[in-house]
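Below, read A as the first sequence line, B as the second, and so on, with proteins coming before strands; counting in each chain starts at 1.
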Amino acid sequence: MKLLIDKIKPFFEKVFGSLGLDSKEYEFLIQTPRDTNVCDVCIPCFSLAKIMKENPVKIAENIANEFNLLLQKEINVKALNGYVNFSSDSRWIAKKLLFENYSFFKESQKLKILIEHTSANPNGPFHVGRARNAILGDALVRLNRDLGNEVIAEYYVDDMGKQVGILSWALENISRKEVNDILEHNGIDNLNPIWKQKEDHVRVRWYQAANILRKEKPEIEDELAEIIRKSEEGDEKVLLQFNNAFQPILDGMLETLAKLGIKYDSFTNESKFIIDGSVNKIVKNLEKSDLYGEAENGAKFLELAEKGVSGKSTKFFFQRSDGSSLYATRDLAYHQWKWSQSEKLINVLGEDHRLQSKQVSVALNELNIKCPEVIFYAFIKLPEGKMSTRKGNVVFMDDLILEAEEIALKILSERKGELNKDEVFKIAKAVASSAIRFNILKVSPEKGFTFKWEDALSFDADSAPFIMYSHARSCSINKKVKSLELIEDNFDISEIDINDSTSRLLRTILRYEDAIEKSISENKPNHFCNYMLELSTSYNLFYRDSPIIKNGELNAFNYKVSEYSRKLIHRGCNALGIIPLESM
RNA sequence: GGGCGCAUAGUGUAGUGGAUAUCACGCUGGCCUUCUAAGCCGGCAACCGGGGUUCGAAUCCCCGUGUGCCCGCCA
């Protein structure tokens, strides 16, 4: 409700000045109420009671009276239960939105932001748990872009070290037949033939087989250690070999994410920071820290016991005894580099990285490098327990998407319609991808949840299709108006009678800015999900009560409101990665 | 053993010091000759337990309970 707050601020200064209060100090009191049906903006007077030594109900009444002397009739001010409640005239809102092109985020500061998300090790297909990262990250990218920020979506590629090393070794040393035999003996399902062309599904089997083989033949460890060591020294030949091993997997993973509308602007390889020497510089600088310590064998660490880290080990190791670097050290160099690209950093990490992220923050402080904002999300479990790529106990995102498309197709086939096959297929894909994203986004990131097929595939009221359906309706109306070539009569907004549901819709539209800003400032896309559900509900009520075409004639005001809503729902869908279809 | 998350109707969720605790599923009763019924309207039902701070606590603090994650010279 920025529009209204900006409107009343100058009067607020006068009123509070006349009460002998510093208006700047109390500006924060102007707020949007929890229950938006009560009023548009309010000032709770409870905290003033102590200073003014008076009953908050009385204070509210006095303040309301003062405002009423100053404000024109387009803002209604009333005192209620110790609150000063402001309600704007619906015609005034309509005028600002429909005729004066009030635009959102005009005064917001625009930033260059780098959002690093997903960054999953390229060793196998996405399962639903890992995908939460990508879906959250992509939503943050889109929300920030909606506000006008310039955003880089970053994927940090683990192209060295143990995991890729194992994969690379497996592809060179284990035959297809051996892989199949090993996995069969260990109860891992066969490759689903649907995915036999998709290298993430194919190659992960080598990774799984190698992990089983390592337990049986310890001598493999020596071979592994050798190539891993070389990769960490930046050996070009080994890194190229690693790259050839994981790149087809990464491509397969990105193909899956693309089905969900997720794309990246930039990929950065971990090895970059070994090769360019920045890791070495980080090590040198960390050695100067007061927290620096060395183990007996020469491994280097920071002692974090005094920095709020506790547990069995309080040491943060950044160099092994053999002189090689660790993931965390490279991460420090990576952060330094990221700051050279942007003014704000956001990382999306699983809750298992909480400690590691704290260690990185302390180390960054020691290096005089700013810390990123980090958003943590809890894991998605299966009813039978944790998901694990190695154990093959997962729901693949590719399978979930396929299943969702089939259900959408089934629903479409049950409904009468004159859509052709291509359109039906396109709609099913859009519904599936949007619904999956939304069902994950609508839950607050720090809350864990258990994956259930029926919830993930729910297309009911609390879902993306609900929002998409409102949009499709508004499109349908627009098409009808166009096809009937109805004429938009001129009208005087001050003469229009605005009903309750239209008034509610106009107010909901006005809260778009607040919803985006809240979601961004807290890095919680679920807030905006909620808002989009409210916007759609408001539109549905308006649709019920306010005919746009009646007896073959166009209601120009209702049409303008509908069109404004249509464009805003479209915009909001893009901000969440929901595909706003024109018909469904 | 220690640290860090989380706990709201039968189920899932919103809410980060204020007005009658949000929305959905569920159960239940209604609305399609009228701009897409994947919709709309009505009813049922909840703040883990105990202390504290405050004029006021689901929200902040302490203790407990349950649950998840972490405590590698892995990533």
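- Around atom CG of A/Asp500, no more than 12 heavy atoms belonging to other residues, nucleotides or ligands sit under 6.0 Å away.
- Note on A/Asn526: only backbone sugar-phosphate atoms sit closer than 4.0 angstrom, heavy atoms only; bases stay farther off.
- Aromatic ring pairs are classed by plane angle as parallel below 30°, tilted from 30° to 60° and perpendicular above 60°; the pair A/His570 and A/His471 is tilted.
- Contacts of A/Pro33 with the nucleic acid, taken as non-hydrogen atoms under 4.0 Å apart, include base atoms.
- Neither OP1 nor OP2 of B/A37 sits under 4.0 Å from any side-chain N or O of A/Arg544.
- At a threshold of 4.0 angstrom between heavy atoms, the contacts of A/Pro547 include nucleobase atoms, whether or not backbone atoms are also involved.
- Neither OP1 nor OP2 of B/C23 sits under 4.0 Å from any side-chain N or O of A/Arg34.
- For A/Lys442 and B/U22, the shortest distance from a side-chain N or O to OP1 or OP2 is not below 4.0 Å.
- Interface remark: the A/Asn297 side chain does form a donor-acceptor pair with the B/C73 base, using a distance-only criterion of under 3.5 Å.
- Using a 4.0 Å heavy-atom cutoff across all strands shown, A/Lys452 reaches no nucleic acid atom at all.
- A/Asp545 has its CG atom 17 Å from the P atom of B/G39, to the nearest Å.
- Taking the charged nitrogens against the carboxylate oxygens, A/Glu423 and A/Lys426 have no contact shorter than 4.0 Å, which rules out a salt bridge.
- Taking 4.0 angstrom as the limit, A/Tyr327 places none of its side-chain polar atoms (N or O) nearer than this to OP1 or OP2 of B/A75.
- Here A/Ala295 lies in heavy-atom contact (under 4.0 Å) with a base.
- B/U13 and B/U53 are spaced 33 Å apart, taking the P atom of each and rounding to whole Å.
- At B/G68, none of the side-chain N or O atoms of A/Lys381 fall inside 4.0 Å of OP1 or OP2 (strictly under the cut-off).
- If you check every strand for non-hydrogen atoms under 4.0 Å, A/Ile548 touches a base.
- In this structure, B/G49 and B/C63 make a Watson-Crick or G-U wobble pair, each of the two defining distances being under 3.5 angstrom.
- For A/Asp35 and B/A21, a side-chain-to-base donor-acceptor distance below 3.5 Å is absent, hydrogens and geometry of angles not being considered.
- No N or O donor and acceptor, one from the side chain of A/Ser313 and one from the base of B/C71, sit under 3.5 Å apart.
- The number of heavy-atom neighbours closer than 6.0 Å to CD of A/Glu296, taken from other residues, nucleotides and ligands shown, is 12 or below.
- For A/Arg473 and A/Tyr539, the positive end is not near the middle of the six-membered ring at less than 6.0 Å and at most 45° from its axis.
- Considering only residues two or more places apart in sequence or on other chains, A/Phe316 meets the ring-ring contact (aromatic ring centres under 6.0 Å, His included) condition with none of them.
- The CD atom of A/Glu534 sits 11.0 Å away from the CZ atom of A/Phe528 when rounded to the nearest 0.5 Å.
- Straight-line distance from the CG atom of A/Leu304 to the P atom of B/C73: 12 Å, rounded to whole Å.
- Not one side-chain nitrogen or oxygen of A/His471 sits closer than 4.0 Å to the OP1 or OP2 atom of B/U36.
- Pair assignment for B/U34: none, as no Watson-Crick or G-U wobble contacts are both less than 3.5 Å.
- Comparing the C1' positions of B/U22 and B/A14 gives a spacing of 5 Å, expressed to the nearest Å.
- Across all strands, A/Lys162 comes closer than 4.0 Å to base atoms (heavy-atom distances).
- Atom CD in A/Glu294 sits about 15 Å away from atom P in B/C73, given to the nearest Å.
- No engagement by A/Thr329 is indicated, since no non-hydrogen atom pair under 4.0 Å with the nucleic acid exists.
- The partner of B/C55 is B/G18, judged by Watson-Crick or G-U wobble contacts that both fall below 3.5 Å.
- In the displayed structure, A/Gln356 atom CD is contacted under 6.0 Å by more than 12 heavy atoms of other residues, nucleotides or ligands.
- We find the CD-CZ distance between A/Glu351 and A/Phe379 to be 5.5 Å, quoted to the nearest 0.5 Å.
- Here, B/A7 and B/G49 have their C1' atoms 12 Å apart, quoted to the whole Å.
- Heavy-atom distances under 4.0 Å link RNA chain B to A/Asp352, A/His353, A/Arg354, A/Leu355, A/Gln356 of residues 352-362 of chain A, given in residue order.
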